[in-house]
Number of protein chains: 2
Amino acid sequence: MHKEHTLTKNQQIIFDLIDKSPEPMKAYSILFNVQKKGIKAPLQVYRALDKLVEIGKIHKIESRNAFIACHNSSCRVAKATAFSICEICEKVTEISSAGLSKYLANFKDKDGMKYSKYNLEFFGLCKKCR
Amino acid sequence: MHKEHTLTKNQQIIFDLIDKSPEPMKAYSILFNVQKKGIKAPLQVYRALDKLVEIGKIHKIESRNAFIACHNSSCRVAKATAFSICEICEKVTEISSAGLSKYLANFKDKDGMKYSKYNLEFFGLCKKCR
DNA sequence: TTTGAATTGTTATAATATAACATTATGTAA
DNA sequence: TTACATAATGTTATATTATAACAATTCAAA
C-alpha cells in the first residue's frame, strides 16, 4: 500500500475547491475563492498547485492555464495525462483509456527514444455543443 | 494545388525570426528582436502569432508558452501536433510519425467521440542530456 | 531535541496576453 | 474604376498569469 500524501492546510483547502468544481479552475479564481479562508497571495496558491500537480492530485490543462482534480485513482504521479476539451463550452474531461495510455507509454520516436511523461489534449465539440 | 497564404509584412518578419531560431521563441523575446524592424507593441506580435498558428506555419508549445516553425510540410492547418521536449535543455522537436498521427486521428473516447484536433507533448531527456 | 526539509506569509515585480478604438491596406464584385 | 467588405495595422492602456526574494514557522526524522 502506498503512503498517501497528507495534504497541508493550504493544499487541502485548494484541493477541495478544485475537486468540487465542475470545471477547470484558474489560479486567480482559486485565489479569489479562498481568500475568506486566509489564503491571501498568489504565491500561496501557486505553491499549493505545484505540489498538488507533483503528487498527481490535480492536473494542469496547459492550453487553458487551468487545473482540474484527478479522478483517475491510479494517478499517484502526474506523468501521463490525456484530456478532451470542448472548444465551445470549454468542458474538460480526463480520458482514461488503457489502450491510449499503453500506446503512448510505448511510443518511440524515429530515433528510438521513449518518453517518461506526456500530456495530450484533444479538441472538439462535446455532446451538448454539437 | 493549394493557394499558399501570402504573409503580410509583420507576419513575414515574425515567421522568419521563429523559423531561423534553433529553439522555441517566446512572445516577448520575439518582440524584443523585431523592434528594430518597427514592430513595437505586444499586440502586433500576438496578432501575427495567432495568424501564423491558424494557418499552420508555426505551432505553440503550450506547456512552454513558446512558438516554433512547422517543418512538417503537410501542416496547412494546425490541427494535429506532437512534440518531444527535453526537460533539461528544453530542446523541442516536432514529431512526425504516420503511425502516431493515424492512431490519434482515429482515437475514440469511451462515448465513441472522435476529435478534430489534438496536441501532444512528450517529456523526457534528449540524447545529449541523458 | 535539534536539525534539516518543507511549508508558510508577505511584498514586490516579472512575464504573458487581451481590450478598445482609430486607421490603413487589400481583395473582390458591381 | 469605384466602392464595399474584410483583414491587418498602430497605439495606449490594462488584464491575467506566474515568479523572485527573504523572513518566519512547522514538522518529522535522526
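Chain naming here is simple, since letters A, B, ... match the order of the sequence lines and numbering starts at 1 in each.
Taking every heavy atom of both residues into account, A/Glu62 and B/Ser63 meet most closely at OE1-CA, 3.5 Å. Looking at every heavy atom in both residues, A/Leu125 comes nearest to A/Cys86 through CA-SG, 4.0 Å. Nearest heavy atoms, A/Lys60 versus A/Val53: N-CG2, 4.5 Å. Heavy-atom minimum distance, A/Glu94 versus A/Phe83: CA-CD2, 3.8 Å.
DNA chain D is contacted by A/Lys26, A/Tyr28 of residues 14-31 of chain A, taking any non-hydrogen atom closer than 4.0 Å.
Taking the six-membered ring where the residue is Trp, A/Phe122 and B/Phe107 present parallel rings, their angle staying beneath 30° rather than reaching 60°.
Taking atom CG on A/Leu52 and atom C1' on C/dA6, their separation rounds to 14 Å, with Å as the unit. Straight-line distance from the CZ atom of A/Phe32 to the P atom of D/dA15: 16 Å, rounded to whole Å. If you take CG of A/Leu7 and P of D/dA28, they are 14 Å apart, rounded to a whole angstrom. Between the C1' atom of C/dA15 and the CG atom of A/Asn65 lies a distance of 12 Å, rounded to the nearest Å. Whole-Å rounding puts the B/Asn10 CG to C/dA25 P distance at 13 Å. The CZ-C1' distance, from A/Arg47 to D/dC22, rounds to 11 Å in whole Å. Summarising the geometry, the separation between CG on B/Leu49 and P on D/dT9 is reported as 12 Å, rounded to the nearest angstrom. Between the CD atom of A/Gln44 and the P atom of C/dT11 there is a distance of 10 Å, rounded to whole Å.
Each of B/Leu43 and B/Tyr46 was assigned the nucleotide of DNA chain C with the nearest heavy atom; the assignment lying further toward the 5' end belongs to B/Tyr46. Nearest-nucleotide positions on DNA chain C for A/Pro42 and A/Ala48 put A/Ala48 closer to the 5' end. Across the interface with DNA chain D, nearest-nucleotide mapping of A/Phe67 and B/Lys9 shows B/Lys9 to be the residue nearer the 5′ end.
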Stepwise side-chain contact (heavy atoms from CB on, under 4.5 Å) check, A/Lys51 with A/Thr8: CA-CA 10 Å; A/Lys51 193 68 190 182; A/Thr8 65; over 6 Å; no
Step by step, would you call A/Leu100 with A/Leu120 a side-chain contact (heavy atoms from CB on, under 4.5 Å)? CA-CA 10 Å; A/Leu100 178 64; A/Leu120 171 58; 4.0 Å; yes
What verdict does the side-chain contact (heavy atoms from CB on, under 4.5 Å) test give for A/Leu7 and A/Ile55, after you've listed the backbone C-alpha separation in whole Å, the side-chain angles of each residue and the deciding distance to 0.1 Å? CA-CA 10 Å; A/Leu7 300 184; A/Ile55 64 181; 3.7 Å; yes
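For B/Lys51 and D/dT9, the shortest distance from a side-chain N or O to OP1 or OP2 is not below 4.0 Å. Remark: A/Thr8 is in phosphate contact with C/dT8, judged by side-chain N or O atoms under 4.0 Å from OP1 or OP2.
The side chain of A/Gln11 lies closest to C/dT7, out of C/dT7, C/dT10, D/dT9.
Where the helix from C/dT1-D/dA30 to C/dA30-D/dT1 starts and where it ends, the local axes point in directions that differ by 40°; five pairs per end, rounded to 10°.
In this structure, B/Glu121 does not pair ionically with B/Arg64, as no charged nitrogen and carboxylate oxygen lie closer than 4.0 Å.
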